[in-house]
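To start, the structure itself, in structure tokens.
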Amino acid sequence: MSRMVEGQSALRLLLIGSPGAGKGTQSSRIENNFEVNTISSGDLLRKNIAQNTEIGIQAAKEMKNGAFVSDKLMVRLIDAELEKLGSEQNWLLDGFPRTMSQAKTLDATLQKCNQPLNLVIHLNVPEEVILQRIMDRWVHIPSGRVYNMTYNPPKKAGLDDVTGEPLERRPDDNPETFKIRLQKHHELTEPLLDYYKQKNILVSLAGNTSDEIYPQIRDLLQQRFRPEDSSNGSQP
Ligand code: AP5
Ligand code: MG
């Protein structure tokens, strides 16, 4: 596990990419190799739905239909998670912010504690390849672990590798809902790329597979973490 170089400011990283671009997959790899905590908006919402919380009840319909959950609810959810982590720990956000309003609110929150975002990674994966990935995806809801029947199958069919619990299909992983999620992404999330480009913190990484993209992410992060642990960075 690579640790931070002393004197570096804590990592404040966003992963932005279309549905199925591999945000969850890359987050796990980063978390396995670097001392970074992941906050995934989608995973948090799915946990809330599974536990039937007030937030889960409010979010379930939008998620099932591929629409966005309200900015207000999302900000409340993510702020609570950021507060739990505090200012010392490195973190990355997967799936938040995804509207301009969320992005500006996050900036204001981070400004208050003088910890602005320092890196935004855009996962730029061709649309032709992602629908098939989504159709092949199985997830372990409590942990957010993601599998793919061809690319990354579980050791035992239908079961999570770590807990042995059953895997599920996401209710929004069907061609109709996927189309809406993609549209929402183009319309509401892509404008964020320009916003972060102007702040000079955007890096766009392209590749057909996450295996092409991960080494590029590792190289970017290695600059902030101790070089002696670099061998760890290549593990999936
Ligand atoms: P969320 O859960 O964030 O879904 P998403 O953005 O649509 O992204 P996905 O999780 O589908 O894809 P991913 O990029 O994580 O890809 P993955 O690594 O799984 O959000 C769900 C919903 O919650 C939203 O629609 C919205 O309703 C709501 N929501 C969440 N955040 C919100 C916010 N901020 N504001 C408002 N609403 C919000 O990979 C995909 C598949 O590909 C997997 O099967 C994986 O194994 C496979 N794969 C990965 N790499 C490869 C490879 N190299 N080759 C082949 N397959 C691969
Ligand atoms: Mg995901």
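For ligands, and for the atoms within them, numbers begin at 1 and follow the listed sequence.
Between Asp136 and ligand 1, not a single N/O pair is under 3.5 Å apart. Inclusion of Val69 in the set of residues having an N or O under 3.5 Å from an N or O of ligand 1 is warranted. Distances between N or O atoms of Gly66 and those of ligand 1 include no value under 3.5 Å. Annotation: Asp94 places no N or O atom under 3.5 Å from an N or O atom of ligand 1; distance criterion only. Not one N or O of Phe96 is nearer than 3.5 Å to an N or O of ligand 1, by distance alone.
Only the side chain of Met74 comes within contact range of ligand 1, with a heavy atom under 4.0 Å; no backbone atom does. Residue Arg133 touches ligand 1 through backbone and side chain together, judged by heavy-atom distances below 4.0 Å. By the criterion of a heavy-atom distance under 4.0 Å, neither the backbone nor the side chain of Gln26 is placed next to ligand 1. In Tyr147, the part holding a heavy atom less than 4.0 Å from any atom of ligand 1 is the backbone. By the criterion of a heavy-atom distance under 4.0 Å, the side chain of Tyr151, and not its backbone, is placed next to ligand 1.
For residues 182-194, no pair satisfies salt bridge (Lys or Arg N to Asp or Glu O under 4.0 Å), with sequence neighbours left out. Within the structure, every pair that satisfies the salt bridge (Lys or Arg N to Asp or Glu O under 4.0 Å) test and touches residues 34-46, not counting sequence neighbours, is listed here: Arg3-Glu35, Asp43-Arg46.
Here is the list of ligand 1 atoms found below 4.0 Å of a heavy atom in Leu45: 23 (O), 28 (C), 29 (N), 30 (C). Shown in contact with Ala67 at under 4.0 Å from a heavy atom are these atoms of ligand 1, numbered in order with element: 26 (C), 27 (O). Every atom of ligand 1 is numbered from 1 in the order shown, and the set under 4.0 Å from a heavy atom of Gly22 is 13 (P), 14 (O), 16 (O), 17 (P), 18 (O), 39 (O). Interface atoms of ligand 1 facing Arg46, defined by a heavy-atom separation under 4.0 Å, are 2 (O), 21 (C). Under a 4.0 Å criterion applied to the non-hydrogen atoms of Val146, ligand 1 contributes the atoms 19 (O), 43 (C), 44 (O), 45 (C), 46 (O). Near Gly24, meaning under 4.0 Å from any of its heavy atoms, are these atoms of ligand 1: 13 (P), 15 (O), 18 (O). Close approach of ligand 1 to Gln102 (heavy-atom distance below 4.0 Å) involves ligand atoms 33 (C), 34 (N), 35 (N), 36 (C). Taking every non-hydrogen atom of Ser41 and a distance limit under 4.0 Å, the qualifying atoms of ligand 1 come out as 30 (C), 31 (N), 32 (C).
Looking only at atom types and distance, the side chain of Gln115 has no donor-acceptor partner in the side chain of Ser87 under 3.5 Å away.
Asp173 and Arg181 are joined by a salt bridge, as a carboxylate oxygen and a charged side-chain nitrogen come within less than 4.0 angstrom of each other. Asp161 has no carboxylate O lying under 4.0 Å from a charged side-chain N of Arg145, or vice versa, which leaves the two without a salt bridge.
Of the residues listed (Glu62, Met63, Lys61), the one engaging Asn65 in a side chain to side chain contact (heavy atoms under 4.5 Å, CB included) is Lys61, and it is the only one. Paired with Phe96 under the rule side chain to side chain contact (heavy atoms under 4.5 Å, CB included), one option of Val75, Ile16, Leu14 passes, and it is Val75.
The residue from Arg170, Arg29, Lys184 that puts a heavy atom closest to atom 4 (O) of ligand 1 is Arg170. One option in Arg98, Arg145, Met149, Arg181 has a heavy atom closer to atom 1 (P) of ligand 1 than any other, and that option is Arg98. Of the candidates Asn148, Asp211, Thr177, Asn148 brings a heavy atom nearest to atom 46 (O) of ligand 1.
Considering only heavy atoms from C-beta on, Ile141 comes within 4.5 Å of Val139 through its side chain. In this structure, the side chains of His140 and Pro166 stay at 4.5 Å or more apart for every pair of heavy atoms. Tyr195 is listed as a side-chain neighbour of Lys104, based on a closest heavy-atom distance under 4.5 Å.
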**Report entry** Ile55 and Val69: CA distance, side-chain angles, deciding distance, side-chain contact (heavy atoms from CB on, under 4.5 Å) verdict
**Finding:** CA-CA 10 Å; Ile55 287 184; Val69 175; over 6 Å; no
Report task. Apply side-chain contact (heavy atoms from CB on, under 4.5 Å) to Leu92 and Ile121, showing your working. Result -> CA-CA 10 Å; Leu92 80 81; Ile121 297 180; over 6 Å; no
Query raised in the report: Going through the distances and angles, do Asp211 and Arg29 end up as a salt bridge (Lys or Arg N to Asp or Glu O under 4.0 Å)?
Result: CA-CA 10 Å; Asp211 295 332; Arg29 289 189 182 192; 2.6 Å; yes
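Judged purely by atom type and a 3.5 angstrom limit, Glu81 has no side-chain atom pairing as donor or acceptor with the backbone of Leu77.
Using 4.0 Å as the threshold, His185 has no heavy atom nearer than that to any atom of ligand 1. Not a single heavy atom of Gly17 sits under 4.0 Å from any atom of ligand 1.
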